[in-house]
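Every value quoted in this text rests on a predicted model; they were computed, and no experiment measured them.
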Amino acid sequence: MSRSRSTLVAIWLASAVVVTLAAVSLYNSATRIPEFAGRTDPATIYSDPEALFRDPGLLGTAVEIEVTRAVRDCMATAGFRYRGPVEVEALRALIDPERDGYGIAAGADVSRPTLQAGPSRSQRSAYEQALYGSSLESGEGGGGCAAAGRQALDTAVATLQSLPYSIARLEAEALAHPDYQEALARWVECMADRGYSVATPETLVTEMYNRISRVSGDGARALADEERQTATDDFACRRGTIDAAMPEVAADLAPAFVEENRAKLQTLIPADTAGLPSGLGTGDVQVTLVWQNSADLDLYVTDPSGEIVYYGNDTSASGGQLDRDANYPCGQVTSPAAENVFWPTGSAPSGTYTAEVGYTSDCGVEGTTTFRLVIQVAGRVVEEITATVEPGGEYRVSFEVGS
């Protein structure tokens, strides 16, 4: 039985903080590629907020991804592919209570993640210099791309700590939820029938950890056997009690947590851009307009100098490019219709940009047209708008770059 499918909500939610703090030691030595390493994409929370309760450490995964990206991009600039674990198979089922207990005494009995090929011996010193600011043999460091990772970590942690609807509040409300309290009482009864006198699963795990931390050798091995039996009994009792209650608790609390925190969360977890056509130009700035009928809409993006990139000026002096134009002339229809303006990496000037959607011609379409406008800066969604525009009308939004 997977521990991750049977964990108390308090442990689930606290794991986000634990993984965040653990990233301090991970950022300069271990990155998983592909980024999600068998885990849930954190952006899932926007369409499925209850994933916060089902997937332990989901917010911690988002933090690790941010740190990984910062180090990886920095190393790529230095000419190196960042080394790290590739993928953990069946990550959500790594800990088996009958084999591993809670994973305290001996840790989970799982194989190590596969590593990317490291730098050759001749490149090792230069690789370490780029990553740490010095070679490991020198015993110095504290700079290099690891410093970029630390900065990303600090920013991500600060974002989580400043959520309007805090993780601590979510945990407290989950623990106080009537469905959880009722389930907890039944769990206590189930554990009492198995010979345990304990008030909460969290207390049970904490007591086991404290006992194991005070012994070593044969004593630790003996407690490891007890740990496995305790975890097996614990999770067996959770199946029909706490586990059964958690979907209701999640349904009541998770949507409000995500909605109230959406603006902050989107700075850490970019909104899902699935549904955008493939092959679009990307870079420092990318503005994409998508709609689903034969009307002729046009995208105009004004850069900080005032120059407009659009169908009549598809390349600007600042490097902006229009690489997709749709539904012109009428009758020449693409599906989905899309227009895309972008500034390649390293070319976008800092300042205020304005994106405008203009309804040029209805091409026989009656009424208004619904469109989706996605604005990305450095690969991160900063605005994602669904709106309507009527024939002859327009929609305009401004955004900042590099400020």
Q. Taking atom types as modelled, is there a side-chain donor on D225 or Q229 under 3.5 Å from an acceptor on the other?
A. no
Q. Hey, does V301 have a side-chain heavy atom less than 4.5 Å from the side chain of T354?
A. no
(Q) Using every non-hydrogen atom in the two residues, find where L280 and D323 come nearest and quote the distance to one decimal. (A) C-OD2, 3.7 Å
Q: Applying side chain to side chain contact (heavy atoms under 4.5 Å, CB included), run through L297 and L289 and close with a yes or a no.
A: CA-CA 9 Å; L297 305 188; L289 169 66; 4.1 Å; yes
(Q) Looking at E226, I'd like to know if its CD atom is crowded, meaning that more than 12 non-hydrogen atoms belonging to other residues, nucleotides or ligands lie closer than 6.0 Å. (A) yes
Q: Determine yes or no for a side-chain-to-main-chain donor-acceptor pair under 3.5 angstrom, with D284 supplying the side chain and A348 the backbone.
A: yes
Q. With a distance cut-off below 6.0 Å to the six-membered ring centre and an angular limit of 45° from the axis, does R169 pair with Y165 as a cation-pi contact?
A. yes
Q. Side-chain contact, heavy-atom cut-off 4.5 Å: I167 with F257?
A. yes
Q) When rounded to the nearest 0.5 angstrom, what is the spacing between OG1 in T267 and CD in E66? A) 8.0 Å
Q: Take V198 and W187 through the side chain to side chain contact (heavy atoms under 4.5 Å, CB included) test and state the conclusion after the steps.
A: CA-CA 10 Å; V198 64; W187 176 85; 3.5 Å; yes
Q: Kindly state whether the ring of W343 and the ring of Y353 have centres lying under 6.0 angstrom apart.
A: yes
Q.
I'd like to know if R54 pairs up with D48 as an ion pair, taking the criterion as any Lys NZ or Arg NE/NH1/NH2 lying under 4.0 Å from an Asp or Glu carboxylate oxygen.
A. yes
Q.
For the CZ atom of R238 and the CE atom of M191, what is their distance to the nearest 0.5 Å?
A. 8.5 Å
(Q) Can you confirm whether T230 sits close enough to M208 that some side-chain heavy atom of one is under 4.5 Å from a side-chain heavy atom of the other? (A) yes
Q. Do N327 and Q332 have side chains that get closer than 4.5 Å, going by heavy atoms?
A. no
Q | Ring centre gap for Y395 and F371 strictly below 6.0 Å | A | yes
Q.
I need the L204 CG to D233 CG distance, nearest 0.5 Å.
A. 9.5 Å
(Q) Looking at R262 and E260, is any side-chain nitrogen of the basic one under 4.0 Å from a carboxylate oxygen of the acidic one? (A) no
Q: Provide the closest heavy-atom pair for S361 versus C330 in the form atom of the first, atom of the second, distance.
A: OG-SG, 3.6 Å
Q.
For a quick test of reading the model, state the closest non-hydrogen atom pair linking A51 to L58 and the distance between them.
A. O-CD1, 4.0 Å
Q: Using a strict cut-off of less than 4.0 Å between a Lys/Arg side-chain nitrogen and an Asp/Glu carboxylate oxygen, indicate whether E98 and R228 qualify as a salt bridge.
A: no
Q.
Under a 3.5 Å distance rule, please check whether R150 uses its side chain to pair with a backbone N or O of C145 as donor and acceptor.
A. no
Q: Considering non-hydrogen atoms only, spot the tightest contact between G367 and P391 and give its length.
A: O-CD, 3.6 Å
Q: Compare all side-chain heavy atoms of T388 with those of Y359 and state whether any distance is below 4.5 angstrom.
A: no
Q. Going through the checks in order, is the side chain to side chain contact (heavy atoms under 4.5 Å, CB included) test met by I375 and V381?
A. CA-CA 6 Å; I375 300 172; V381 175; over 6 Å; no
Q. Which heavy atom in V67 sits nearest to a heavy atom in G149, and how many Å separate them?
A. CG1-O, 3.8 Å
Q: Return yes if a side-chain donor-acceptor contact under 3.5 Å exists between E390 and T368, otherwise no.
A: no
Q: Answer yes or no: does atom OH of Y209 have more than 12 heavy-atom neighbours from other residues, nucleotides or ligands under 6.0 Å?
A: no
Q) What closest approach, in Å, do V333 and S294 show between heavy atoms, and which atom pair accounts for it? A) CG2-CB, 3.6 Å
Q) Does the side chain of T203 come under 3.5 Å of the side chain of T200 through a donor N or O and an acceptor N or O? A) yes
Q. Going by atom types alone, do Q286 and N340 pair a side-chain donor with an acceptor below 3.5 Å?
A. yes
Q: Measure the spacing between CD of E307 and OG of S318 and express it to the nearest 0.5 Å.
A: 6.0 Å
Q: Determine, for E339 against R324, whether the closest basic-nitrogen to carboxylate-oxygen distance falls under 4.0 angstrom.
A: no
Q | Donor-acceptor under 3.5 Å (S162 side chain, T159 main chain) | A | yes
Q) How long is the span from the CD1 atom in I308 to the CG atom in L299, to the nearest 0.5 Å? A) 11.0 Å
Q | Pairwise side-chain contact, V71 with L131, heavy-atom cut-off 4.5 Å (strictly under) | A | yes
Q | 4.5 Å side-chain heavy-atom contact, Y180 and L175 | A | yes
Q. Would you call V357 and Y300 a side-chain contact if the rule is heavy atoms closer than 4.5 Å?
A. no
Q | Expected output: side-chain S316 to main-chain G320 donor-acceptor under 3.5 Å | A | yes
Q. Going by atom types only, do D298 and T360 share a side-chain donor-acceptor pair under 3.5 Å?
A. yes
Q. At what distance, to the nearest 0.5 angstrom, does OG of S347 lie from CG of D303?
A. 10.5 Å
**Q.** Derivation of the side chain to side chain contact (heavy atoms under 4.5 Å, CB included) call for Q376 and T282
**A.** CA-CA 9 Å; Q376 301 182 67; T282 62; over 6 Å; no
